[in-house]
J.: 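Let me give you the structure first, and then I'll get to my questions.
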Amino acid sequence: MPNKSLVTLRVNGATYEVAVRPHDTLAQALREGCGLTGTKVGCDLGTCGCCTVIADGRPVLSCLTLALEAEGKDLRTIESLARGAELHPVQEAFATCGGSQCGYCTPGFVMTTVSLLEHEPSPSRERIKDAISGNLCRCTGYVKIIDAVERAAGRLRAARAPADHPSLQPQG
Amino acid sequence: MLILPEFKLERPKSLAEALDAARRADGKCDFLGGGTDLLCNYKWGINTRPVVISLRGIAEMNRRDGRRVGGGVTLASLERDADFLDAFPGFRGALARLASPLIRETGTVAGNILLDTRCIWLNQTEFARKALGNCLKADGPECRVVKGSTDRCYANYSGDTAPLFMVHGASARLASPRGERSVPLTSFFRIDGITRFVKERDEVLVSLDMPPDAAEIRSSYQKLRVREAWDFAEVATAVGVRFDGPASKKRIGELRIVANAVASIPLWLEDVAKPFAGRTLDEATIDAIGDSVTAAVQPVRATWLPPSYRKQMAGVMAKRALREIAAGVA
Amino acid sequence: MTPETGAADAKEEFKVVGSRQPLVDSWKKVTGAAVYGDDVRFPNMLACRVLRSTLPHAKIVRIDTSRAAAMPGVRGIVTGADAKARFGVLPISQDEEALCIEKVRYVGDIVAAVAADDEAAAAAAAAAIEVVYERLPEYTDMKKSAERVAAPIHEWTSDGSNVQKRVDQHFGDVPGALASAAVAPKATFRFMGVGHQFTEPHAVVGVPEPDGRISLYTPTQVPHYVHKALAKVLEMPMHRIRVFRTAVGGGFGGKSDPFPHEMAVCLLARKVGRPVKLVFDREEVFLTNRGRHPGEISAQIGFDAHGKILAYDLDAWIDGGAYASFGVVTTYYNGTLSQGPYRIPNFRYSGRRVYTNKAPCGAMRGHGAVNCRYAVESVIDMACEELKIDPIELRLLNALPAHTKTLNGYRITSNGIVECLTRARDESGWAAKKGKLPFGKGIGVGCGFFISGSALPIHKSRTPQSTVHLKIDVDGGITAHSMGAEIGQGSDTVIAIAVAEILGVPMDFIRVRSEDSDTAPLDLGAYSSRGCFMIGNAAREAAIVVREKLARAAERVTGHPAGDFEFADARVTARSDRKVSLSYFEALTEALADHGAIAASGWYQAPRMGSDYKGAGAGLAPAYSMSAFVAEVDVDLETGIVRCTGVWAAHDCGRAINRLSVEGQIEGCVHMGLGQVLGEEMRYSGGRVSNPSFLDYKILGPKEMPDVRVLVVESNDKEGPFGAKESGEGPLLPILPAVGNALYNAIGMRATSLPVTPDQVFAHLSKLRKSGAGFRKTWETGQGC
Ligand SMILES: Cc1cc2nc3c(=O)[nH]c(=O)nc-3n(C[C@H](O)[C@H](O)[C@H](O)COP(=O)(O)OP(=O)(O)OC[C@H]3O[C@@H](n4cnc5c(N)ncnc54)[C@H](O)[C@@H]3O)c2cc1C
Ligand code: SF4
Ligand code: FES
Ligand code: FES
């Protein structure tokens, strides 16, 4: 068995020294090595998106990424978003809009959405469908997930708007 | 979790280092691009090798330089490459319908060209394959799709970008310890059962190079899949047209057709295309071309939908591609 | 898309009930903090892998584990020799084994389980176990399997066949009624099996506790049944076993059997004396299955000339796979649940569930009612065409009234079917579309009727089906204990809403603990769409007990009579004199004085009802949900690909306790049901599932989802908590026939085989094109393309 070697992963702004084997996936390293179990594995084959994390600003499937290949990348997982009890607007929107039922797909959807909205603050509903189409949800029929992405987009835009802008008022 | 087989991971920083690693592995290695194909196959225990050489660290392969698309360029970055899409608008739809947006973030162009063939009997775990009865491609005596075939696998090729690169006349730039060579994509794929490419095992696909006149070809790629995400092509057709004279006259100067996902390689239908040179791209011509495409392909039962249907659809996809091109110049 | 808010006849004014409440556990889910099966970790924990049968049917001649046991990192192995007791979810069909004892019955049956230091070591060892099999004849075709066979799959099928259960029912005079019918269309429908395919693969942990008890951590929908089965298999009394329900990453019925792997992991944990975790890969989820049965249903329905239904004559073949699971119930439901929401004066049904050497089927969302619903709603539309009556008109004509009894003795209480039909009709613009859409586009309707919880518990018992405990101490927070399984459907939130509503406190006062069999009072779990009705009632009852205690405390403080207090905004206020008011905390402080923490219990037990013929209990429910959906489809005339483009989903849920959840359940049902019509199917090669992956099993993505307009109909059920019934399963039923009927409307193709695949549609279109007429015109002019 090839020996484990120490890899340094930068996750959520912290540095983790994790012992991995060459054939360990990033999903394994995050869950087992870093203890960050918020990232889920639903299929292990690229078809559900439950394992989505953000690497250098873009979503990646951690089940199809080797842990060693993530070295040097700026990784973000679902655990990075909330500040204490204050949810990230995307998280808040998934809860408020009912975009999460059983919740197993949720970390993946949330990370995909966070990355989407960082690059495209005002996606149309059609564009949202496109962007989330690599994530599979068996519970919601996606309707409320799309609602959530729209709400989050609105709140994030509002938060970026000048302080006296009326849309800064929290919605709903 | 699915457990990846053990392997040694090499992470070269340059092409030379990569080729050196391949030489050391003595052919018992695989290159790793995005890994979205290779790692699935490895998790399924299909043709695994003891050494994996990751190409991600090779900077020169990860960018587009004019007409040269690095093999390591991700599908998503190509999708976001406005200059490239302006020059080759046919790629826009092809990329948007390739795998899923998440897979496109890591999947690379070279990996897509070199995508392994797929088959309903094959792309499953070792357990399922054993239960179903191993087939020729993985440790079995005989092909399940074409009964009696003991020397040839009929699994399906469904890489979505190769057909378009082909109609635009692209060449594959290959590098090995023996040097570099460039192979036109139209003669890159060949069916001989075991290998499907002229690429040698230790050769790296460094880039895809478009010829100077590539942008003169108007192209379209039409893909039929069950769902609008994830699914591989059940059948697809790429069409390229070089118009003779002003495009608005719609006189076909040269027609190029690739039928995809109906065989173990993308089919370059030269003989189907030739007779249509000089014809006007009207509905009648479009129908005739579509029918010839359907007549020319012979898919087998290696995918989700039945072959007889896919055969019909190869022509329908060709017609749609042609209509899109015709509409674009109208 | 803002769904309609319904024209409820609000008899009562509610504060929380009817609002849009985020699920109370959603914060855990959106932050990644929720602990699912695979997230459970213990010190010293081992990893487990199981060895599964690669043969559909074989005798186990010998199992040799010696080589495996000697491999590095291996700590223990269990096989069929380690547990003799059989179990199963229904007491009448206990045919499952923790690990196969004498033979294997499907590809995937568990033969051995290995505990090792890590998964790789466990997997390697499992592969090194040598099993010698003697192959037996494989029965994979249900009809052949129903004949006398050489080697029955289970020994108890007495007639030498593999028929597990037969149901024959006849009420009234069906042959007579059919003979007198003006029209009596008939058709046979074939259904492929479909699977739940929740996103969380099964993942369980068995823990040997230092005091000799065994704990099982499992994402289960039915902790109580798992508990019972464990006691039997481990041969330990129930109180020595603890079942801890982890967060459940989707169930839909697929986590509602006690599973062999749950037994195996506990056996292993006990044997090696260390915690053992087993996590399935996706393929194993397909193999384990328990999904909707494949089968064949023939339906004939007789009508008089005005369109009144005279008789149903149904026949169902149900392919059960290798084990019984819920199959006895399924066999009844396939006939009986197709009756409502119509008045059926004569009814005949024959059904049989047959064992085959395939992945076992079980209960899946809309259990037993989905396929027969598709059949009858399709045949009803066939009659509409013959009689030239509008499909919605005809359905309205036959609608079952409220407060009545069905022919077979179901007690019907609230019934919003008429409102469902009329609202779906009006909101969808039915009149402007039906018969007026171009070729290739179509509109269709389908109804649904489903139980709000099975009135009879699976195990005969006088213990209430749901009990909820409330505990309130000086902090003022209210802890609700329940074993009702939160699986994403929102049952914890229903508890919280019920308590908040009754006690007039904000939602954040309430915390629901519904995981642990050590602390939770009995609840039968999340199946038969029973949660909202039964747990909701139990929670409401418990809260009323607390309210009385607080009211009496308020009386002691104020001297005002307890009966006059109302509870709202965290205050206790006299109705007749609003100046007499104290805060919730003041009342609570008085209530706790000299007594300590308040403990209150509420429970729900379905009333006795129904007839007493054999099988009369099947499908009996304290209330029934009703629904009517209109769907529009768009057929790609060149490729045969069908897309559903719009759905108007009217569902009578009694009352939407949580509007957000009701909508979410309906939308989820639409998605899952659409999958079964337009893509999902489990394919087999012989006895082997041949498409066990998300790539090859076609769950629809966001781009295949139509716009769904949810129309909540609130019939306000007298016995439901705050009037509520169910919305978790019933709304799946109508989408299938609505789409099937829309497809017929679009291109004249009666889909008699689900799922509808593009090649089927293309073949139909090609035939039409050859024969000309109607189609050719639109086809050749390109209209409708
Ligand atoms: C769920 C799912 C859906 C998918 N759907 C589609 C689809 O619709 N259409 C489609 O085309 N593909 C699809 N794919 C396949 C795959 O993701 C893409 O084809 C992708 O482009 C492959 O690129 P990669 O870099 O990830 O390849 P890798 O997995 O890295 O490599 C693929 C093959 O190419 C070799 N290779 C890679 N780069 C080089 C190089 N530079 N030189 C030499 N050899 C190299 C590898 O050794 C391997 O044999 C899908 C995959 C998944 C998991
Ligand atoms: S085509 Fe034949 S040999 Fe190739 S993978 Fe499929 S069954 Fe195996
Ligand atoms: S677990 Fe990675 S995509 Fe499903
Ligand atoms: S919420 Fe359950 S899978 Fe999406």
Side-chain angles (χ1 to χ4, degrees), chain A residues 1 21 31-32 35-48 50 77-79 81-82 85 87-88 90-108 110 125-126 128-147 172, chain C residues 1 3 20-23 25-36 38-39 41 72 120 196-201 219 247-252 279 281-282 486-490 658 660-661 663-672 674 693-695 699-703 705 707-708 710:
Chain A
M1 181 168 290
R21 287 165 304 202
R31 290 180 50 82
E32 311 305 326
L36 297 168
T37 55
T39 300
K40 303 299 176 204
V41 174
C43 70
D44 228 359
L45 289 167
T47 43
C48 75
C50 290
T77 68
I78 186 79
E79 286 90 349
L81 299 178
L87 298 179
H88 183 281
V90 174
Q91 293 174 310
E92 186 275 345
F94 270 74
T96 304
C97 298
S100 172
Q101 286 184 21
C102 81
Y104 200 77
C105 70
T106 306
V110 166
R125 251 183 122 80
E126 275 315 301
I128 293 170
K129 282 191 188 181
D130 256 329
I132 62 168
S133 65
N135 295 78
L136 185 148
C137 178
R138 191 53 161 165
C139 295
T140 60
Y142 308 101
V143 180
K144 299 213 177 313
I145 289 176
I146 300 166
D147 291 349
Chain C
M1 220 177 330
R20 306 175 72 81
Q21 291 293 335
L23 299 184
D25 53 348
S26 59
W27 65 270
K28 284 191 211 163
K29 291 171 173 171
V30 299
T31 57
V35 176
Y36 297 85
D38 190 16
D39 304 331
R41 278 152 170 66
H196 324 82
Q197 294 310 326
F198 30 75
T199 47
E200 180 206 20
V248 183
F252 318 111
V279 181
D281 59 43
R282 179 55 50 184
E486 170 62 57
I487 59 170
Q489 86 283 41
N658 183 4
L660 198 62
S661 282
E663 289 169 9
Q665 289 302 306
I666 294 172
E667 289 154 0
C669 278
V670 167
H671 173 254
M672 196 175 272
L674 264 183
S693 72
F694 279 162
L695 249 177
I699 293 173
L700 304 185
K703 294 213 179 160
M705 261 306 271
D707 286 341
V708 182
V710 174

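Residue numbering restarts at 1 for every chain, and letters A, B, ... go by the order of the sequence lines.
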J.: Taking A:Ala95, A:Gly38, A:Gly35, A:Gly46 one by one, which has the highest count of heavy-atom pairs under 4.5 Å against chain C?
T.: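 Maximum pair count with chain C is reached by A:Ala95.
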J.: Please determine, among A:Leu81, A:Asp44, A:Leu136, the option with the most heavy-atom pairs under 4.5 Å with chain C.
T.: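 Option with the greatest count: A:Leu136.
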J.: Any idea which of A:Cys97, A:Cys48, A:Cys50 has the most non-hydrogen atom pairs under 4.5 angstrom with chain C?
T.: A:Cys97
J.: With only heavy atoms counted, which part of C:Gln21 is less than 4.5 Å from chain A, the side chain, the backbone, both or neither?
T.: neither
J.: Would you mind reporting whether C:Thr199 and A:Cys102 have side-chain heavy atoms less than 4.5 Å apart?
T.: yes
J.: Less than 4.5 Å to any heavy atom of chain C: does that hold for the side chain of A:Thr140, its backbone, both, or neither?
T.: backbone
J.: Is there a side-chain contact (heavy atoms from CB on, under 4.5 Å) between A:Leu87 and C:Thr31? Walk through the geometry before answering.
T.: CA-CA 8 Å; A:Leu87 298 179; C:Thr31 57; 3.5 Å; yes
J.: Between C:Asp38 and chain A, which part of the residue has a heavy atom less than 4.5 Å away: side chain, backbone, both or neither?
T.: both
J.: Would you mind reporting whether C:Arg41 and A:Thr37 have side-chain heavy atoms less than 4.5 Å apart?
T.: yes
J.: Quick check on A:Val90 against chain C: is it the side chain, the backbone, both or neither that has a heavy atom closer than 4.5 Å?
T.: neither
J.: Return the CZ to CD distance between A:Arg138 and C:Gln197, rounded to the nearest 0.5 Å.
T.: 7.0 Å
J.: For C:Val248, is it the side chain, the backbone, both or neither that has a heavy atom under 4.5 Å from a heavy atom of chain A?
T.: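 For C:Val248, the contact with chain A is made by the backbone alone.
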J.: Just to verify, what does C:Leu700 make a side-chain contact (heavy atoms from CB on, under 4.5 Å) with, not counting sequence neighbours?
T.: C:His671, C:Leu674, C:Glu704
J.: Using heavy-atom distances under 4.5 Å, tell me whether A:Ala82 contacts chain C through its side chain, its backbone, both, or neither.
T.: side chain
J.: Please classify the contact between A:Cys139 and chain C as side chain, backbone, both or neither, with a heavy-atom cut-off of under 4.5 Å.
T.: both
J.: Does this structure show an ion pair linking A:Lys40 with C:Glu200, if we count only N-O contacts that are shorter than 4.0 Å?
T.: no
J.: Measure distances from A:Ile132 to the heavy atoms of chain C and classify the residue's part below 4.5 Å as side chain, backbone, both or neither.
T.: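 For A:Ile132, heavy atoms of backbone and side chain both lie under 4.5 Å from chain C.
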J.: What part of C:Ile487 is in contact with chain A, defined as an atom under 4.5 angstrom from a non-hydrogen atom: side chain, backbone, both or neither?
T.: backbone
J.: Could you work out, with ring pair (Phe, Tyr, Trp, His ring centres under 6.0 Å) as the rule, every residue matching C:Tyr36, not counting sequence neighbours?
T.: A:Tyr104
J.: Applying side-chain contact (heavy atoms from CB on, under 4.5 Å), run through A:Arg31 and C:Asp39 and close with a yes or a no.
T.: CA-CA 8 Å; A:Arg31 290 180 50 82; C:Asp39 304 331; 2.8 Å; yes
